[in-house]
Amino acid sequence: MPPLPLPRSLFEADVRQVAVALLGQLVVRRETSGPPSIGRIVEVEAYGGLDLDPSAHSYRGPTPRCEVMFGPAGHAYVYATQGRCCCLNVSAVGDARGQAVLLRALEPVAGAERMRTRRLARLGQGPTRARLTAGYDHELASGPGRLCLCLDVDRSLNGVDLTDGDGPLYLARGEASPPPLWTPRVGLNPKSASHGWPWRALVPGCRAVSPPRTLR
DNA sequence: CTCACGATCAGCT
DNA sequence: GCTGATCGTGAGG
């Protein structure tokens with residue numbers, strides 16, 4: 001039996017509380033055939049929204065891209081990061097504050113074979129292919145774009161209700177997670193006032209978190 | 001229009 | 001460990 005969805009009330013709290021509450025929970029992706037693919041959330045980032053967080057897409061108010069951030073809590077905000085891949089966020093708080101939690105990494109729980117197939121379909125013959133075929137399942141969804149590739153999440157899912165257990169994508173109760181590790185968010189512009197804010201939360205010691213990034 | 005931005009991968013050192 | 005290529009979105013001129 002597929003797991004039951006999380007209640008919307010979980011997403012209506014302060015965005016950093018929502019971020020922590022999401023660690024250890026499950027992302028459930030319905031498949032056109034066969035059982036759903038499922039990943040456990042192991043890394044998230046909170047985005048503080050309108051007038052609060054210069055790194056949030058919603059900082060200056062709604063645009064066609066980020067308007068879901070200003071809608072009710074518990075919906076998917078999916079945006080394309082410059083062509084290659086998408087990122088999946090969960091709208092939080094509601095009340096037109098423009099807040100959301102970015103899902104940055106999953107640990108595969110069910111359907112890892114399908115996730116691997118989707119990752120490999122986008123790869124050439126380089127080292128990444130070699131690692132994934134060698135069985136490094138914890139690297140399948142270890143990044144916000146990889147996570148979306150694994151679960152076939154693209155902008156057609158922008159706005160879906162993640163509390164709808166009959167929908168194509170939803171969130172469900174996972175096992176309790178240990179107290180989170182807070183760090184600065186990844187990949188922000190160093191000139192930004194919010195650079196360095198410790199709004200990234202990880203499951204301590206989990207191998208499936210995103211790898212360190214070389215700053216350019 | 002032009003520019004900056006962000007995640008990923010390949011290829012090189 | 002570093003560099004270049006890729007490309008959707010939106011801000012500023």
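Computed from a prediction, not measured in an experiment: that's the story for all the values here. Every chain is numbered from 1 and lettered A, B, ... according to where its sequence line falls, protein lines coming before strand lines.
With sequence neighbours excluded, no residue forms a salt bridge (Lys or Arg N to Asp or Glu O under 4.0 Å) with A:Arg155. Among residues two or more places apart in sequence or in another chain, the salt bridge (Lys or Arg N to Asp or Glu O under 4.0 Å) test is passed with A:Glu175 by none. A:Tyr59 pairs by the ring pair (Phe, Tyr, Trp, His ring centres under 6.0 Å) definition with nothing, not counting sequence neighbours. Taking A:Arg119 as the reference, nothing meets the salt bridge (Lys or Arg N to Asp or Glu O under 4.0 Å) condition, with sequence neighbours excluded. Applying the side chain to side chain donor-acceptor pair (under 3.5 Å) criterion to A:Gln99, with sequence neighbours excluded, gives no partner residue.
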Residues 106-113 of chain A side chain polar contacts: donor-acceptor under 3.5 Å, at least two apart:
unit_1: A:Glu107; atom_1: OE1; unit_2: A:Arg40; atom_2: NH1; d: 3.0
unit_1: A:Glu113; atom_1: OE1; unit_2: A:Arg116; atom_2: NH1; d: 2.6
unit_1: A:Glu113; atom_1: OE2; unit_2: A:Arg116; atom_2: NH1; d: 3.4

Scan the side chains in residues 61-77 of chain A for donor-acceptor partners under 3.5 Å anywhere in the protein, sequence neighbours excluded, and list what turns up.
unit_1: A:Thr63; atom_1: OG1; unit_2: A:Arg65; atom_2: N; d: 3.4
unit_1: A:Thr63; atom_1: OG1; unit_2: A:Cys66; atom_2: N; d: 3.3
unit_1: A:His75; atom_1: ND1; unit_2: A:Gly159; atom_2: O; d: 3.1
unit_1: A:Tyr77; atom_1: OH; unit_2: A:His57; atom_2: ND1; d: 2.7

Exercise answer: donor-acceptor pairs, residues 139-151 of chain A side-chain atoms, under 3.5 Å, sequence neighbours excluded:
unit_1: A:Glu139; atom_1: OE1; unit_2: A:Arg131; atom_2: NE; d: 3.0
unit_1: A:Glu139; atom_1: OE2; unit_2: A:Arg131; atom_2: NE; d: 3.1
unit_1: A:Glu139; atom_1: OE2; unit_2: A:Arg131; atom_2: NH2; d: 2.6
unit_1: A:Ser142; atom_1: OG; unit_2: A:Glu139; atom_2: O; d: 3.2
unit_1: A:Ser142; atom_1: OG; unit_2: A:Arg146; atom_2: NH1; d: 3.0

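For the helix from B:dC1-C:dG12 to B:dC12-C:dG1, the rotation axes defined at the first and last 5 base pairs enclose an angle of 30°, given to the nearest 10°.
Here the C1' atom of nucleotide C:dT9 and the CG atom of A:Asn189 are 16 Å apart, to the nearest Å. Rounded to a whole Å, the CZ atom of A:Arg185 is 14 Å from the C1' atom of B:dG6.
Residue A:Lys191 places at least one side-chain N or O closer than 4.0 Å to OP1 or OP2 of B:dC5.
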Nucleotide-resolved protein contact map, nucleotides 7-13 of chain B, B/S/- at heavy-atom distance under 4.0 Å
BBSS---
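In this structure, CG on A:Asn89 lies 9.5 Å from CG on A:Asn158, to the nearest 0.5 angstrom.
Within the structure, ring-ring contact (aromatic ring centres under 6.0 Å, His included) contacts touching residues 152-179 of chain A (residues at least two apart or in different chains) do not occur.
Of the residues in residues 65-73 of chain A, not one comes within less than 4.0 Å of DNA chain B through any heavy atom.
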